[in-house]
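In this chain, residues are counted from 1 in sequence order.
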Amino acid sequence: MEKTVLVIEDEKNLARFIELELKHEGYEVVVRLDGREGLQEAIVQDFNVILLDLMLPSLNGMEVCRRIRQTKKTPIIMITAKDGVMDRVSGLDSGADDYIVKPFAIEELLARIRAVTRRKLVNESYNNDEVLTHRDLSLHYQSHRVTRGEEEIVLTKKEFDLLHMLLENINVVLTRDKILERVWGFDSEVETNVVDVYIRHLRNKIDYSNQLSYIDTVRGTGYVIRS
């Protein structure tokens, strides 16, 4: 199968370095140095992976990512010099699948590309009509919808993936490391406290006010949804 990568990166030397290294590994590579041009390429063409810089001329990486996500599910890895937890959360919330910080080794980038493409293949293997339910909470996998009773709840991709994992493992305590492995990928170096941030975001969206959370915290271990 042809392996295609779109690189949206305005640093010409870095873009050229990534292009040459990926071509050496057998990838077909398209490079765009501008946010708007990269967005147009991402929408018009189909790629296996998109490598997206955060700081771009014309249109920043966050906005490019959001617009791609309106029409495409292509795995996106953000490339940026920002390394704070909230910067990572913001990038992931915009629809990115992973996050790599400059400077990085090409081996790490290749590992992350393998991880996001592997997760995409796993996700595509689920049945089209898969619906997971708990009490009045329902997750419709293929249509990427979550409802609580008659109310539809809008989740980011990572929040959706996290809830999906919890609902697939009712009564099973999931460690933070296990959640990172499944939701962020085997090769991810995202810190475990990002899991806590996402659990908090998820609770704020799915829980009723002044009632016990759907998600229980197991101190020192992780999280679980109990029947």
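Between Glu152 and Val146, the closest side-chain pair of non-hydrogen atoms is not below 4.5 Å. A 4.5 Å side-chain heavy-atom check between Val224 and Val218 finds at least one atom pair inside the cut-off. Between Val49 and Leu51, some side-chain heavy-atom pair lies under the 4.5 Å cut-off. Put simply, the side chain of Leu202 reaches to within 4.5 Å of the side chain of Leu162, judged on heavy atoms. Phe47 places none of its side-chain heavy atoms less than 4.5 Å from the side chain of Val5. Ile215 has its side chain out of reach of Thr217: every pair of non-hydrogen atoms, C-beta onward, lies at least 4.5 Å apart. The side-chain heavy atoms of Leu52 and Ile79, taken from C-beta on, include no pair separated by under 4.5 Å. Counting heavy atoms from C-beta on, the side chains of Phe160 and Val154 never come closer than 4.5 Å.
Annotation: cation-pi pair Arg203/Tyr214 absent, no NZ/CZ under 6.0 Å from the ring centroid and within 45° of its normal. Geometrically, Arg148 engages Tyr208 in a cation-pi contact defined by less than 6.0 Å to the ring centre and at most 45° from the axis.
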If you apply the rule side chain to side chain contact (heavy atoms under 4.5 Å, CB included), what do you find for Tyr27 with Asn48, and how did you get there? CA-CA 10 Å; Tyr27 290 90; Asn48 295 115; over 6 Å; no
Verdict with reasoning, Asp161 to Arg182, per side chain to side chain contact (heavy atoms under 4.5 Å, CB included): CA-CA 9 Å; Asp161 292 344; Arg182 167 72 178 273; over 6 Å; no
Going through the distances and angles, do Leu163 and Leu139 end up as a side chain to side chain contact (heavy atoms under 4.5 Å, CB included)? CA-CA 8 Å; Leu163 181 60; Leu139 182 147; 4.0 Å; yes
May I have the step-by-step check of side chain to side chain contact (heavy atoms under 4.5 Å, CB included) for Val29 and Val7, ending in yes or no? CA-CA 7 Å; Val29 183; Val7 179; 3.9 Å; yes
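Every residue was checked against the side-chain hydrogen bond (donor to acceptor under 3.5 Å, both in side chains) condition with Thr175, not counting sequence neighbours, and none meets it. Applying the side-chain hydrogen bond (donor to acceptor under 3.5 Å, both in side chains) criterion to Glu11, with sequence neighbours excluded, gives Lys102. Residues forming a side chain to side chain contact (heavy atoms under 4.5 Å, CB included) with Arg16 (at least two apart in sequence, or on another chain): Glu19, Leu20. Remark: Glu41 pairs with Arg32 by the side-chain hydrogen bond (donor to acceptor under 3.5 Å, both in side chains) rule, at least two apart or across chains. With sequence neighbours excluded, the residues satisfying side chain to side chain contact (heavy atoms under 4.5 Å, CB included) with Leu33 are Lys12, Ala15, Val31. Scored by the side-chain hydrogen bond (donor to acceptor under 3.5 Å, both in side chains) test, Asp46 finds Lys72 as partners (sequence neighbours excluded).
Counting only distance, with no hydrogens or angles, the side chain of Arg69 and the backbone of Gly95 share a donor-acceptor pair below 3.5 Å. Asn169 places no side-chain N or O within donor-acceptor distance of the main-chain N or O of Val172, the cut-off being under 3.5 Å.
The minimum heavy-atom distance linking Thr133 with Ser138 is given by the pair CG2-OG, 3.3 Å. Between Ala42 and Ile68, the shortest heavy-atom distance links the atoms CB-CD1, 3.7 Å. In this structure, Gly38 and Leu6 approach most closely via the heavy-atom pair O-CD2, 3.7 Å. The heavy-atom pair separating Gly35 from Val64 by the smallest distance is O-CG2, 3.6 Å. Counting all heavy atoms, side chain and backbone alike, Asp10 lies closest to Pro57 at CB-CD, 3.6 Å. Of all non-hydrogen atoms in Thr156 and His144, the two that sit nearest each other are O-CE1, 4.3 Å.
The one candidate from Thr80, Val194, Ile76 that meets the side-chain contact (heavy atoms from CB on, under 4.5 Å) condition with Tyr99 is Thr80.
Under the 4.5 Å side-chain heavy-atom criterion for Ile, Leu, Val, Met, Phe, Trp and Tyr, Phe104 and Leu22 are members of the same hydrophobic cluster. Val173 is not connected to Val195 by any chain of hydrophobic side-chain contacts under 4.5 Å among Ile, Leu, Val, Met, Phe, Trp and Tyr, and they are in different clusters. Note on Ile43: it clusters hydrophobically with Leu56, by side-chain heavy-atom contacts below 4.5 Å among ILVMFWY residues. Under the 4.5 Å side-chain heavy-atom criterion for grouping Ile, Leu, Val, Met, Phe, Trp and Tyr, Val101 is not connected to Ile113 through any hydrophobic cluster. Taking hydrophobic clusters as Ile, Leu, Val, Met, Phe, Trp and Tyr residues chained together by side-chain heavy-atom distances below 4.5 Å, Ile179 does not share a cluster with Val116.
Taking SG of Cys65 as the start and CG of Asn60 as the end, the distance is 10.5 Å to the nearest 0.5 Å. Taking CG of Leu39 as the reference point, atom OG1 of Thr71 lies at 8.0 Å (rounded to 0.5 Å). For the atom pair CD1 of Ile225 and CG of Leu166, the computed distance is 4.5 Å after rounding to the nearest 0.5 Å. Here the CE-CE distance, from Met62 to Met55, works out to 9.5 Å after rounding to the nearest 0.5 Å. Separation of atoms NZ (Lys205) and NE2 (His201) is listed at 8.0 Å; rounding is to 0.5 Å. Between atom CG of residue Leu155 and atom NE2 of residue His164 there is a gap of 12.5 Å, rounded to the nearest 0.5 Å.
Between Lys158 and Asp98 no salt bridge is recorded (no basic side-chain N to carboxylate O distance below 4.0 Å). Salt-bridge annotation for Glu181 and Arg176: absent, with no side-chain N of the basic residue lying under 4.0 Å from a carboxylate O of the acidic one. Here Asp196 does not pair with Arg200 in a salt bridge; the nearest charged N to carboxylate O distance is not below 4.0 Å. Between Glu28 and Lys3 no salt bridge is recorded (no basic side-chain N to carboxylate O distance below 4.0 Å).
Annotation for Asn171: atom CG counts as buried by contact number, over 12 foreign heavy atoms lying within 6.0 Å.
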